[in-house]
Protein chains: 2
Amino acid sequence: MGATKTDHFTAEQNELAVIAKALGHPARIAIMEYLIKVDTCICGDIVNELPLAQPTVSQHLKELKNAGLIKGNIEGTAICYCINEPGIEKIRGFFQHITDHLDKKRKECC
Amino acid sequence: MGATKTDHFTAEQNELAVIAKALGHPARIAIMEYLIKVDTCICGDIVNELPLAQPTVSQHLKELKNAGLIKGNIEGTAICYCINEPGIEKIRGFFQHITDHLDKKRKECC
DNA sequence: TATTTATATTGCAATATTACGATATAAATT
DNA sequence: AATTTATATCGTAATATTGCAATATAAATA
């Protein structure tokens with residue numbers, strides 16, 4: 001095969017995987033970090049910041065947007081991108097969940 | 001092309017991407033959730049839990065272990081897997097960083 | 001030591017991702 | 001209206017991932 005068996009998992013699991021996958025590339029981590037730093041920017045700023053061509057950056061932005069991690073507003077000829085808080089909270093909740101369990105049990109594994 | 005330009009990004013960015021990528025598959029999210037629930041288990045338990053063949057589960061476990069999200073201890077003929085806290089803290093720190101910035105600025109994007 | 005039990009590795013086909021040149025789109029400016 | 005500015009989409013080559021059958025490994029047990 002090669003295709004992920006998406007239908008065998010819950011919507012929640014698939015949604016979390018989509019968000020995590022969106023962050024599973026150093027360029028997209030770099031974009032997120034840059035967005036944190038500058039708060040808001042346009043695609044061209046990122047093209048100047050990263051060693052990637054414009055279509056590649058555009059594609060990465062699309063994936064981050066699709067995963068709900070960023071949002072973009074049209075501003076003249078440009079599109080203004082920034083972090084989308086609900087998306088961040090979604091994945092952060094997953095890690096909080098894990099940490100809560102680890103704190104509660106506080107046991108050395110196997 | 002097709003290969004990720006890993007060398008153009010920082011070690012930190014690449015490490016975070018590896019962790020996120022490891023979680024970028026519903027089966028691996030499901031494995032993490034199962035591990036949270038049962039605290040510790042062997043590969044065979046996961047094979048019984050998920051709709052995937054043994055080699056596939058073994059492969060997913062390898063990726064999670066490689067990313068530092070889980071660890072495994074040999075226990076007779078079986079290998080006992082559980083969550084690796086430092087790996088969780090690493091990626092959780094990234095989201096904490098984002099959340100801290102969002103809280104501080106509290107501004108509607110563009 | 002032969003068998004059982006549990007997991008890992010290999011090999012391979014199907015599919016997905018990455019990157020970018022070329023091109024399209026769309027709003028602003030001249 | 002032609003040009004500029006900024007981004008998106010298309011097409012495509014290179015590479016990576018997913019999933020599993022077959023097989024290998026390795027410790028425990030009979």
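By convention in this document, chain letters (A, B, ...) are assigned in the order of the sequence lines, proteins followed by strands, and residues within each chain are numbered from 1.
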Checklist entry - In terms of the nearest nucleotide of DNA chain C, which residue is placed more toward the 5' end: B:Thr6 or A:Thr4? => result A:Thr4
Checklist entry - Reckon B:Lys62 has a side-chain N or O less than 4.0 Å from the OP1 or OP2 of C:dT7? => result no
Checklist entry - Does some side-chain heavy atom of A:Leu35 sit less than 4.5 Å from a side-chain heavy atom of A:Thr40? => result no
Checklist outcome for this item: Within residues 8-26 of chain B, those residues having any heavy atom closer than 4.0 Å to DNA chain D are B:Lys21, B:His25
Next on the checklist: I need a per-nucleotide contact map over nucleotides 2-8 of chain D, read 5' to 3'. Cutoff is protein heavy atoms under 4.0 Å; write B for the base, S for backbone only, - otherwise.
Outcome noted: ---BSBB
Checklist entry - Could you state the CD1-P distance from B:Ile46 to D:dC20, rounded to the nearest angstrom? => result 15 Å
Item to check | Between D:dT18 (P) and B:Leu50 (CG): distance, integer Å | outcome: 14 Å
Checklist entry - How is B:Leu52 classified with respect to the nucleic acid when contacts are heavy atoms under 4.0 Å: base, sugar-phosphate, or nothing? => result sugar-phosphate
Checklist outcome for this item: Rounded to whole Å, the CG-C1' distance (B:Asn73 to D:dA27) equals 15 Å
Checklist entry - Heavy-atom distance under 4.5 Å between the side chains of B:Val18 and B:Asn14, does that happen here? => result no
Checklist entry - Separation of A:Glu63 atom CD from D:dT9 atom C1', in whole Å? => result 15 Å
Item to check | Side-chain donor/acceptor of B:Asn84 to backbone N/O of B:Lys71, under 3.5 Å | outcome: no
Item to check | Among C:dA16, C:dT18, D:dT18, the nucleotide that comes nearest once only the side chain of A:Ala3 is considered | outcome: C:dA16
Next on the checklist: I want to check something: taking the side chain as every heavy atom from C-beta on, are B:Lys62 and B:Gln59 in contact at a cut-off of under 4.5 Å?
Outcome noted: no
Checklist entry - Can you check the A:Arg28 CZ to C:dT18 C1' distance for me, whole Å? => result 9 Å
Next on the checklist: Any non-hydrogen side-chain atom of B:Glu33 less than 4.5 Å from a side-chain atom of A:Leu16?
Outcome noted: yes
Checklist outcome for this item: Scanning both residues in full, the closest heavy-atom pair of B:Leu23 with B:Leu64 reads CD2-CD2, 4.4 Å
Checklist entry - Passes side-chain contact (heavy atoms from CB on, under 4.5 Å), A:Ile46 versus A:Tyr34? Steps please. => result CA-CA 8 Å; A:Ile46 299 169; A:Tyr34 181 67; 4.0 Å; yes
Next on the checklist: If I take atom CD1 in residue B:Ile31 and atom P in nucleotide C:dT7, what distance separates them, rounded to the nearest angstrom?
Outcome noted: 12 Å
Checklist entry - Any ion pair linking B:Lys90 and B:Glu12 (charged N to carboxylate O, less than 4.0 Å)? => result yes
Item to check | Pairwise side-chain contact, B:Glu49 with B:Lys37, heavy-atom cut-off 4.5 Å (strictly under) | outcome: yes
Item to check | Length of the line joining B:Leu64:CG and C:dT7:C1', which is rounded to integer Å | outcome: 16 Å
Checklist outcome for this item: By nearest-nucleotide position on DNA chain D, the 5'-leaning member of B:Thr56 and A:Thr56 is A:Thr56
Checklist entry - Taking atom P of C:dA28 as reference, at what distance in whole Å does atom CD1 of A:Ile74 sit? => result 10 Å
